[in-house]
S.K.: 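One structure, as structure tokens, below. Some questions next.
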Amino acid sequence: NLTDTSCWAWQPNARLTDNGQREVTVAPVLVMVALGTDITDDDRITSIVDRNSGSVYGKLYVDAVQRRKNHLLIHTRDHQ
């Protein structure tokens, strides 16, 4: 449980897709956390809340965790 773990989260590229009924925006969320954070590519993120704006990213699957020089970069996809 990573409750109250500080992170940076953003959507770098969004694309429009037609799901048969309407066009929807599909965009992965990238998350940057401190080295040593206990997360694997089998985990899920239930929500990410912005402390300033209150905006929220919903349920996400972790697709990959990349170790960088001074942080972990988490690649996610929508939880469906």
Side-chain angles (χ1 to χ4, degrees):
N1 188 341
L2 296 178
T3 303
D4 297 328
T5 299
S6 295
C7 69
W8 289 87
W10 69 99
Q11 291 180 292
N13 298 313
R15 69 182 189 278
L16 233 44
T17 185
D18 184 350
N19 72 356
Q21 296 176 342
R22 63 184 173 168
E23 287 189 344
V24 294
T25 301
V26 178
V29 176
L30 295 178
V31 183
M32 190 169 59
V33 296
L35 284 175
T37 300
D38 183 17
I39 191 161
T40 70
D41 53 357
D42 292 326
D43 289 332
R44 288 172 294 195
I45 298 172
T46 55
S47 68
I48 299 172
V49 180
D50 186 303
R51 288 183 285 196
N52 298 317
S53 69
S55 64
V56 175
Y57 291 110
K59 296 177 182 174
L60 302 168
Y61 280 116
V62 175
D63 275 338
V65 179
Q66 292 181 313
R67 183 182 174 92
R68 298 294 175 96
K69 184 177 181 177
N70 56 5
H71 64 276
L72 297 176
L73 182 61
I74 303 166
H75 296 258
T76 69
R77 62 183 161 88
D78 287 338
H79 182 280
Q80 297 182 25

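The first residue of the sequence shown is numbered 1, and numbering continues consecutively from there. Atom set for the values below is all heavy atoms of this structure, side chains included, hydrogens, waters and symmetry mates excluded.
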S.K.: Can you tell me how far the CD atom of Q66 sits from the CE atom of M32, to the nearest 0.5 Å?
M.R.: 13.0 Å

S.K.: How does the hydrophobic cluster around V49 look, that is, which other residues are in it when side-chain heavy atoms under 4.5 Å mark a link?
M.R.: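 Via sub-4.5 Å side-chain contacts, V49 links to V56.
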
S.K.: In sequence, state the C-alpha distance, the side-chain angles, and the governing distance for L30 and H75, and then conclude on side-chain contact (heavy atoms from CB on, under 4.5 Å).
M.R.: CA-CA 5 Å; L30 295 178; H75 296 258; 3.3 Å; yes

S.K.: Within the 4.5 Å heavy-atom criterion, are D43 and I74 side-chain neighbours or not?
M.R.: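 Side chain of D43 against side chain of I74, heavy atoms only: no contact under 4.5 Å found.
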
S.K.: Is the CH2 atom of W8 crowded by more than 12 outside heavy atoms at less than 6.0 Å?
M.R.: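 No, CH2 of W8 has 12 or fewer neighbouring heavy atoms, counting only those of other groups under 6.0 Å.
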
S.K.: Once you round to the nearest 0.5 Å, how far does CG of L73 lie from CZ of R67?
M.R.: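 Reported to 0.5 Å precision, the distance equals 13.0 Å.
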
S.K.: One pair to check against side-chain contact (heavy atoms from CB on, under 4.5 Å): L72 and L35. What are the steps and the verdict?
M.R.: CA-CA 6 Å; L72 297 176; L35 284 175; 3.9 Å; yes

S.K.: D63: which residues meet the side chain to side chain donor-acceptor pair (under 3.5 Å) condition with it, sequence neighbours left out?
M.R.: R77

S.K.: Would you please test V65 and T40 for side-chain contact (heavy atoms from CB on, under 4.5 Å) and show each step?
M.R.: CA-CA 6 Å; V65 179; T40 70; 5.6 Å; no

S.K.: Closest heavy-atom contact between S6 and R51?
M.R.: OG-NH1, 4.5 Å

S.K.: Is there a donor-acceptor contact under 3.5 Å from the side chain of T37 to the main chain of I39?
M.R.: no

S.K.: Enter the distance from D50:CG to Y57:OH here, rounded to the nearest 0.5 Å.
M.R.: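 Interatomic distance, D50 CG to Y57 OH, rounded to 0.5 Å: 8.5 Å.
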
